[in-house]
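Here is the structure we will look at.
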Protein chains: 2
Amino acid sequence: MIRWREAKREDVPAIVALLAEDALGATRESDDMAAYYAAFDAMSYEYGNSLIVGEADGRVVATYQLTFITGLSLRATRRAQVESVRVTEKLRSEGVGAALMRDAEMRALHEGCSLLQLTADKSREGAHRFYERAGFTPSHIGFKKPIS
Amino acid sequence: MIRWREAKREDVPAIVALLAEDALGATRESDDMAAYYAAFDAMSYEYGNSLIVGEADGRVVATYQLTFITGLSLRATRRAQVESVRVTEKLRSEGVGAALMRDAEMRALHEGCSLLQLTADKSREGAHRFYERAGFTPSHIGFKKPIS
């Protein structure tokens, strides 16, 4: 059984390890923890922006980020945005991802959201099938632009 | 010349009119202002989530929503998310959209973001071309799920 809870500061290394375990994440995460701790601390000031972890036998085995975003469009729909979904390699295909999405949906409803949204890299075909099975519609194109 | 500024409560009707002017928005916005005002008020408590308007000759002619989202992934990249971009019909193709994106990028950089992101409905082909010209890469698929 997995217990889903808000991440604590001491979970940061385990979360970063999960991010780096991923195929795309492997090339883009770093060993330098300072920036990750700083981001975790900054998130505590961003109301409605939180990191969730899934814990099994006292270990962090999954994580996702959930952000509640109020806006005016769609008759003032409040959205819940899911980001950085990761499940540890050895627990894949065991329903952990589905449990994670149920946890996200429950938290989103509790916060008055009526839309759950996320984007997935075009190359993550397994993830696309998973999100469609979980009731999502691939109705949008996600655009990104690095800025500096 | 367009002046970009944070929206005030009295701009809400003009913003909703812009949302409804849009092809997709026409079918999904409402005349009941109460929910929009409530959402505007709720946004003031969501640090980093703001509505911007573009004003010309004292009138609101464009709007977008900008949300700053700190997270751990991508070496703790802070993202700026653009949502609900609208330019009034009669000023389309006059560079207002490009000016809007420059304003968003400037605000994002000022807030320490290194990634600008947005999604667009698959049917908005004109918007896709616009975002690619503005330097965005259509690297992701955007998934949505209504919840209740």
Side-chain angles (χ1 to χ4, degrees), chain A residues 12 15-16 19 25 28-30 32 35-36 38-40 42-43 45-49 51 65 67-78 80-81 83-84 105 108-109 113-122 128 131-132 134-148, chain B residues 12 15-16 19 25 28-30 32 35-36 38-40 42-43 45-49 51 65 67-78 80-81 83-84 105 108-109 113-122 128 131-132 134-148:
Chain A
V12 169
I15 294 169
V16 175
L19 294 174
R28 61 195 193 190
E29 299 304 337
S30 143
D32 174 17
Y36 295 106
F40 184 86
M43 287 180 71
Y45 293 97
E46 295 178 0
Y47 174 78
N49 184 20
L51 269 172
Q65 180 173 355
T67 313
F68 306 119
I69 306 174
T70 302
L72 265 57
S73 62
L74 299 173
R75 302 182 183 213
T77 288
R78 191 171 203 217
Q81 179 160 302
E83 179 71 66
S84 305
E105 189 166 327
L109 286 169
C113 298
S114 51
L115 188 65
L116 207 54
Q117 65 182 27
L118 58 87
T119 69
D121 193 283
K122 281 184 176 170
H128 304 164
Y131 291 127
E132 294 207 50
F136 285 84
T137 304
S139 54
H140 284 61
I141 297 180
F143 291 86
K144 309 269 177 181
K145 181 183 182 182
I147 55 174
S148 58
Chain B
V12 168
I15 294 169
V16 174
L19 294 175
R28 62 193 191 192
E29 299 304 339
S30 143
D32 174 17
Y36 295 107
F40 184 86
M43 286 181 72
Y45 293 98
E46 295 179 0
Y47 174 79
N49 185 20
L51 269 173
Q65 179 174 356
T67 313
F68 306 118
I69 306 174
T70 302
L72 264 57
S73 63
L74 299 174
R75 302 183 182 210
T77 288
R78 191 170 201 219
Q81 180 160 302
E83 180 72 66
S84 305
E105 189 166 326
L109 287 170
C113 298
S114 51
L115 188 66
L116 208 53
Q117 64 182 27
L118 57 88
T119 70
D121 193 284
K122 280 184 177 171
H128 303 165
Y131 292 128
E132 294 207 49
F136 285 84
T137 304
S139 53
H140 285 61
I141 297 180
F143 291 85
K144 310 269 178 183
K145 180 182 183 182
I147 55 174
S148 59

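Just so it is clear: chains get the letters A, B, ... in the order the sequence lines come, proteins before strands, and each one is counted from 1. As the structure is a prediction and not an experimental result, all values here were calculated from the model.
For the side chain to side chain donor-acceptor pair (under 3.5 Å) test, residues two or more places apart in sequence or in another chain that qualify with E46(B) are T70(A), R78(A), N49(B).
Closest heavy-atom contact between L72(B) and F40(A): CD1-N, 3.9 Å. Listed here is the closest heavy atom pair of T119(B) and H140(A): OG1-CD2, 3.5 Å.
When each of S84(A), A108(A), S30(A), G48(A) is scored by its heavy-atom pairs under 4.5 Å with chain B, the top score falls to S30(A). Listed options A35(B), G71(B), S139(B), A39(B) were ranked by heavy-atom pairs under 4.5 angstrom with chain A; first place goes to S139(B). The most heavy-atom pairs under 4.5 Å with chain B, out of A80(A), S73(A), A120(A), P146(A), come from A120(A). Interface remark: of the candidates T67(B), T77(B), L74(B), D32(B), L74(B) forms the most heavy-atom pairs closer than 4.5 Å to chain A. Ranked by non-hydrogen atom pairs under 4.5 Å with chain B, the options A76(A), P138(A), C113(A) are led by P138(A).
The shortest side-chain heavy-atom distance between E83(B) and Q117(A) falls under the 4.5 Å cut-off.
Contact of Q65(B) with chain A is made through the side chain alone, with heavy-atom distances under 4.5 Å. Using a 4.5 Å cut-off between heavy atoms, I69(A) touches chain B through backbone and side chain atoms alike. With a 4.5 angstrom heavy-atom cutoff, L109(A) touches chain B via backbone and side-chain atoms both. Both the backbone and the side chain of L115(B) come within contact range of chain A, judged by heavy atoms closer than 4.5 Å.
The backbone N or O of A134(B) lies less than 3.5 Å from a partner atom in the side chain of K145(A), making a donor-acceptor pair. Looking at R75(B), its side chain does come within 3.5 Å of a backbone N or O of R28(A) through a donor-acceptor pair.
Between atom OG1 of residue T137(B) and atom CD1 of residue I141(A) there is a gap of 12.5 Å, rounded to the nearest 0.5 Å.
The aromatic rings of F136(A) and F143(B) sit perpendicular, their planes meeting at an angle over 60°, well past the 30° parallel limit.
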